[in-house]
Enquirer: 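Quick one: the structure is below, and I'll ask about it shortly.
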Amino acid sequence: MLVSETGKVWMNGTLVDLAQAKVSVLAHTLHYGVGVFEGIRGYPTPKGGVIFRLRDHVKRLMISAKVYRMPIPYSEDEIVDAIVSTQAANDVYPSYIRPVVYRDGPALGVKNLTTKVSLAIAAVPAKKYLGEKSDNGIRAKISPFRKAHSDSLPSLAKANGNYLGGYLAGTDASQDGYEEAILLDSNGFVAEGTGENIFLVRGGVLYTPSSEGDILLGITRDSVIRIAQDLGFRVVEKMLSVGELLTADEAFFAGTYAEIAPIREISHYILGNGKPGPMTRDIQDVFYKTVHGEEPRYADWLHPVPPIAKPVARAARR
Ligand code: PMP
C-alpha cells in the first residue's frame, strides 16, 4: 500500500501536516510493537461522504487498547469526532483511515506502564489491498507460518505486534506469486488472511471460522454475516479444515481494506469454475451498494462526514 505524502494528521488533539507528524526513534511502540490501531474506510455516497461502521471500529480500538493496558486519553465520542474531522480535513474519497494508539517514549524497557499514550489519525486515498482487479478473484497460498495462539497474543486485539506473523505469511505468499496468504491456527484449522477474515461456500451454505478461533473479529465479517442471512443464506461459524477449504465451491476474503475479494485458487487448487461464485457475487453486490449509500436497509452503518465549511466570499459592496 502506498501512502500519500501530503495531507493532515490528527495528533493528540491537533491537525498537523503529515510531514510534521513525528515520533521519537526511542518510542516504546517502535521497539516492542506495543500499539493498537484500526483500519476504517470512508466512501462517497449520493448524500456526501460517509465512514463505514465508525463507532464499531472505535469500540474495537478501545478494547484493543484495554488488552494492552494503554489508557487512551480520549473518550469514545471524542475519538469518533477526531476521526470525522480528520476525514473532513483530508476530504478524499474513497479513503482509508488509520487511527493508531502508541507510547511515544522515549522508553527502553519492555514492561512500561508510564510512558505517555498518544493517538494519531491519518486519512489517505484508498486503494484495493489485494490489487485493483481483486473484485474478480485472487490466488491465495496456505501459509507455512501459523497464526499465533490467543494464549500468547489475544487475537481480538488489533495490535501492531500481531502483524509480524501476517508479514511473514504475506511476504512469503507474494514472493511465490500469490496475492494473499491464508494462515492456519496452531491446530491446523483455517484462521484468516493477513488483513481479512475468510468465508467458504459448500453445498449452498456459507461457512466462516468460529469466533472462538484465533481470528480478529472483523467488522466486515460481521456485516457479511448479516447481509448473507438477510439474503436468506444459511451461515455457519465453525472450525474449518484445510480439506474443507481446498474443496470449497466458493471462497472470499472480507476485510475493510480488501472489501470482498473472491478467491479463485488456493495453493494450486482451483475453486469451483475458477471464477467468483454466485453467492459471493450476491453478497459482494449488496455490500458495495451498502457502503456507497445505495442500500437503505443498512443506512445506519454509515456515519456522515459533514463537509468543511468553505470560506464564503463576501458580497461586494455597493
Ligand atoms: N483479520 C485481520 C488480521 C485483519 O487485520 C483484519 C483487518 N482489520 C481483518 C481480519 C478484518 O477486519 P475488519 O473487517 O474489521 O477490517
Side-chain angles (χ1 to χ4, degrees), residues 1 33 35-43 51-65 67 83 94-101 121-123 126-130 134 138 140 143 145-150 152-171 173 179-186 189-200 208-228 237 240 251-261 263 283-284 287-288 290-291 298 301-303:
M1 186 208 305
V36 298
F37 66 102
E38 272 304 316
I40 313 173
R41 262 186 188 263
Y43 289 96
I51 300 176
F52 186 63
R53 298 193 66 170
L54 173 56
R55 202 162 275 277
D56 295 316
H57 281 283
V58 173
K59 284 186 195 298
R60 187 171 67 184
L61 183 71
M62 299 188 86
I63 287 172
S64 303
V67 170
I83 292 173
S95 64
Y96 184 70
I97 307 167
R98 173 55 66 85
V100 57
V101 176
I121 306 161
K127 299 228 166 89
K128 289 270 188 189
Y129 182 51
L130 300 176
S134 58
I138 60 147
S143 182
F145 297 99
R146 298 276 175 104
K147 178 85 205 238
H149 196 284
S150 284
S152 309
L153 298 172
S155 67
L156 60 78
K158 191 168 166 64
N160 298 29
N162 282 5
Y163 287 82
L164 288 173
Y167 173 84
L168 289 174
T171 50
E179 276 92 22
E180 181 56 312
I182 298 172
L183 288 94
L184 307 181
D185 68 17
S186 49
F189 290 104
V190 178
E192 59 188 352
T194 65
E196 318 82 20
N197 293 112
I198 189 166
F199 286 82
L200 312 183
T208 196
S210 156
S211 58
E212 286 155 33
D214 296 322
I215 60 168
L216 182 72
L217 291 175
I219 290 161
T220 321
R221 175 185 182 277
D222 182 71
S223 311
V224 165
I225 292 173
R226 169 90 186 276
I227 289 170
E237 297 180 52
L240 293 164
F252 61 88
F253 285 120
T256 297
Y257 212 156
E259 301 180 304
I260 310 287
I263 307 172
I283 292 166
Q284 212 182 21
F287 180 81
Y288 286 129
T290 298
V291 296
Y298 308 111
W301 283 346
L302 307 180
H303 190 107

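Counting starts at 1 for both ligands and their atoms, in listed order. One-based numbering along the sequence shown. What's counted below: heavy atoms across the whole structure, side chains too, no hydrogens, waters or symmetry copies. As the structure is a prediction and not an experimental result, all values here were calculated from the model.
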Enquirer: With no hydrogens and no angle check, is any side-chain donor or acceptor of Arg41 less than 3.5 Å from a backbone partner on Tyr96?
Expert: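 No, because the side chain of Arg41 does not come within donor-acceptor range (under 3.5 Å) of the backbone of Tyr96.
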Enquirer: Should Leu217 be counted as touching ligand 1, given the test is an N or O pair under 3.5 Å?
Expert: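 There is no such contact.
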Enquirer: Under 4.0 Å, heavy-atom basis, I'd like to know which part of Glu196 is in contact with ligand 1: side chain, backbone, both or neither.
Expert: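 It is the backbone that gets close, since no side chain atom is under 4.0 Å.
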Enquirer: Which residue and non-hydrogen atom of the protein lie closest to atom 16 (O) of ligand 1, and at what distance in Å?
Expert: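 Of the protein heavy atoms, Thr256 OG1, 2.5 Å lies nearest.
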Enquirer: Quick check against the 3.5 Å criterion: does Ser150 have a side-chain atom that pairs as donor or acceptor with the backbone of Ser155?
Expert: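 Checked: pair present.
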Enquirer: Considering only protein heavy atoms, which is closest to atom 12 (O) of ligand 1, and at what distance to one decimal place?
Expert: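 For atom 12 (O) of ligand 1, the nearest protein heavy atom comes out as Gly218 CA, 3.3 Å.
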Enquirer: What part of Tyr163, side chain from CB on, backbone N/CA/C/O, both or neither, has a heavy atom under 4.0 Å from ligand 1?
Expert: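 For Tyr163, the contact with ligand 1 is made by the side chain alone.
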Enquirer: Identify the closest protein heavy atom to atom 11 (C) of ligand 1: which residue and atom is it, and at what distance?
Expert: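 Of the protein heavy atoms, Asn197 OD1, 3.6 Å lies nearest.
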Enquirer: Does ligand 1 have an atom that lies less than 4.0 angstrom from a heavy atom of Glu38?
Expert: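 Contact absent.
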Enquirer: Could you tell me, atom by atom, which parts of ligand 1 come under 4.0 Å of a heavy atom of Lys158?
Expert: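 The list of qualifying atoms is 5 (O), 7 (C), 8 (N).
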Enquirer: Does Glu192 reach the main-chain N or O of Ile215 with its side chain, forming a donor-acceptor pair under 3.5 Å?
Expert: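 Side chain of Glu192 to backbone of Ile215: no pair is present.
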Enquirer: For atom 14 (O) of ligand 1, which protein heavy atom lies nearest, and how many Å away is it?
Expert: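 Ranked first by proximity to atom 14 (O) of ligand 1 is Thr220 OG1, 2.5 Å.
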Enquirer: Looking at non-hydrogen atoms alone, which of Ser223, Gly193, Gly195, Gly255 comes nearest to atom 9 (C) of ligand 1?
Expert: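 Looking at heavy atoms only, Gly195 sits closest to atom 9 (C) of ligand 1.
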Enquirer: Regarding Lys158 and Glu38, does a basic nitrogen lie under 4.0 Å from an acidic carboxylate oxygen?
Expert: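 Salt bridge absent between Lys158 and Glu38.
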Enquirer: Which atom names give the shortest non-hydrogen contact between Pro209 and Arg221, and what distance separates them?
Expert: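 The pair with the smallest heavy-atom distance is O-NH2, 3.0 Å.
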Enquirer: What about Arg221: any of its N or O atoms under 3.5 Å from an N or O on ligand 1?
Expert: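 No - when backbone and side-chain N and O of Arg221 are compared with those of ligand 1, no distance drops under 3.5 Å.
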Enquirer: Using a 4.0 Å heavy-atom cut-off, say whether Thr194 meets ligand 1 through its side chain, its backbone, both or neither.
Expert: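 Thr194 to ligand 1: backbone contact only, side chain stays beyond 4.0 Å.
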Enquirer: How are the rings of Trp301 and Phe52 set to each other: parallel, tilted or perpendicular (split at 30° and 60°)?
Expert: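 The rings of Trp301 and Phe52 stand perpendicular, inter-plane angle above 60°.
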Enquirer: Closer than 3.5 angstrom, by distance alone: can the side chain of Thr220 be matched with the main-chain N or O of Thr256 as a donor-acceptor pair?
Expert: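 Checked: pair present.
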Enquirer: Between Phe287 and Phe252, does the ring centre distance come in under 6.0 Å?
Expert: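 Not close enough - the centres of the two rings lie 6.0 Å or further apart.
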Enquirer: How long is the gap from OG1 on Thr194 to NZ on Lys147, to the nearest 0.5 Å?
Expert: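 Going from the OG1 atom of Thr194 to the NZ atom of Lys147 covers 10.5 Å.
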Enquirer: For ligand 1, is there an N or O atom under 3.5 Å from any N or O atom of Glu192?
Expert: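 Looking only at distances, the answer is yes, because the N/O contact criterion of under 3.5 Å is met.
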